[in-house]
Amino acid sequence: KQEVTQIPAALSVPEGENLVLNCSFTDSAIYNLQWFRQDPGKGLTSLLLIQSSQREQTSGRLNASLDKSSGRSTLYIAASQPGDSATYLCAVSENSGYALNFGKGTSLLVTP
Amino acid sequence: DTGVSQNPRHKITKRGQNVTFRCDPISEHNRLYWYRQTLGQGPEFLTYFQNEAQLEKSRLLSDRFSAERPKGSFSTLEIQRTEQGDSAMYLCASSLKADEQFFGPGTRLTVL
């Protein structure tokens, strides 16, 4: 059974810092990996999707990398802002169109 | 494109009652997923549809849970004889073929 782990569980940084969130998965035979943002009590907002054949994806200040062979992905956030404060979730899909397996998330607090 | 919508946003019910939630996916998205999320955890997969066909159900989906997607459009998730352990956020997502999943705002269920 695929297990997804996110480290750290919580992170607090001052505004302006660059930061890295980590995601690992036990079965490297994935179809794709998605990073999401979730604000308290809200639904999930898709940030980046990486197909298994890709190494990284970028959107604005966000960059996600994927190393399928080692079962790892990282989400890099540049020049963090208080508005980035949220829980960030990593999820993998094991086949085309299949359900996502989620980690428990990293709770990020960016202080002014 | 108005995104994925879910109704109601909040539902409070007494133990033993039946509840039904509705999800309207992004138009033309042929896949629709239901997830459940409890506090401090990542979402857990419940079931998914391709068009009107229910293709997979998680073992989390007990006999008290049933989902439908008539005509491949909106979907409903019904919980019969609710229990306190059913209290959670119920999230719906849709995707076009095997692309990234887009989530709705969720329905928060509280069972008293």
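Hydrogens, waters and symmetry mates are skipped; everything else that's a heavy atom, side chains included, is used. Letters go in sequence order (proteins before strands), and every chain restarts at 1.
Within 6.0 Å of NZ on A:Lys68 lie more than 12 heavy atoms contributed by other residues, nucleotides or ligands. More than 12 non-hydrogen atoms from other residues, nucleotides or ligands lie less than 6.0 angstrom from CZ of B:Arg64. At most 12 heavy atoms of other shown residues, nucleotides or ligands fall within 6.0 angstrom of atom CD in B:Glu68. Atom CG of B:Leu39 is surrounded by 12 or fewer heavy atoms from other residues, nucleotides or ligands within 6.0 Å.
No chain of hydrophobic side-chain contacts below 4.5 Å, direct or via other Ile, Leu, Val, Met, Phe, Trp or Tyr residues, connects A:Leu49 to B:Leu32. Clustering ILVMFWY residues whenever any of their side-chain heavy atoms sit less than 4.5 angstrom apart, transitively, puts A:Leu100 in the very cluster that holds B:Tyr33. In the hydrophobic cluster analysis, where Ile, Leu, Val, Met, Phe, Trp and Tyr join through side-chain heavy atoms closer than 4.5 angstrom, B:Val111 is grouped together with B:Leu61. Taking hydrophobic clusters as Ile, Leu, Val, Met, Phe, Trp and Tyr residues chained together by side-chain heavy-atom distances below 4.5 Å, B:Leu91 does not share a cluster with B:Leu46. A:Leu109 and A:Leu21 are not part of a single hydrophobic cluster, where members link through side-chain heavy atoms under 4.5 Å apart.
Interface remark: of the candidates B:Gly106, B:Pro105, B:Ser58, B:Pro105 forms the most heavy-atom pairs closer than 4.5 Å to chain A.
Here CD of B:Gln41 is found 4.5 Å from NZ of A:Lys104. Values are rounded to the nearest 0.5 Å.
Using a 4.5 Å heavy-atom cutoff, the side chains of A:Phe102 and B:Phe45 are not in contact. At least one side-chain heavy atom of B:Pro43 sits under 4.5 Å from a side-chain heavy atom of A:Leu89.
With a 4.5 angstrom heavy-atom cutoff, B:Gln37 touches chain A only via side-chain atoms.
The backbone N or O of A:Ala99 sits nowhere less than 3.5 Å from a side-chain atom of B:Tyr35 that would complete a donor-acceptor pair. Side chain of B:Glu56 to main chain of A:Tyr98: no donor-acceptor pair is present (N/O by atom type, distance under 3.5 Å, no hydrogens or angles).
Listed by sequence position, A:Phe36, A:Gln38, A:Gly41, A:Lys42, A:Gly43, A:Leu44, A:Ser46 are the residues of residues 35-47 of chain A in contact with chain B, using a 4.5 angstrom heavy-atom cutoff.
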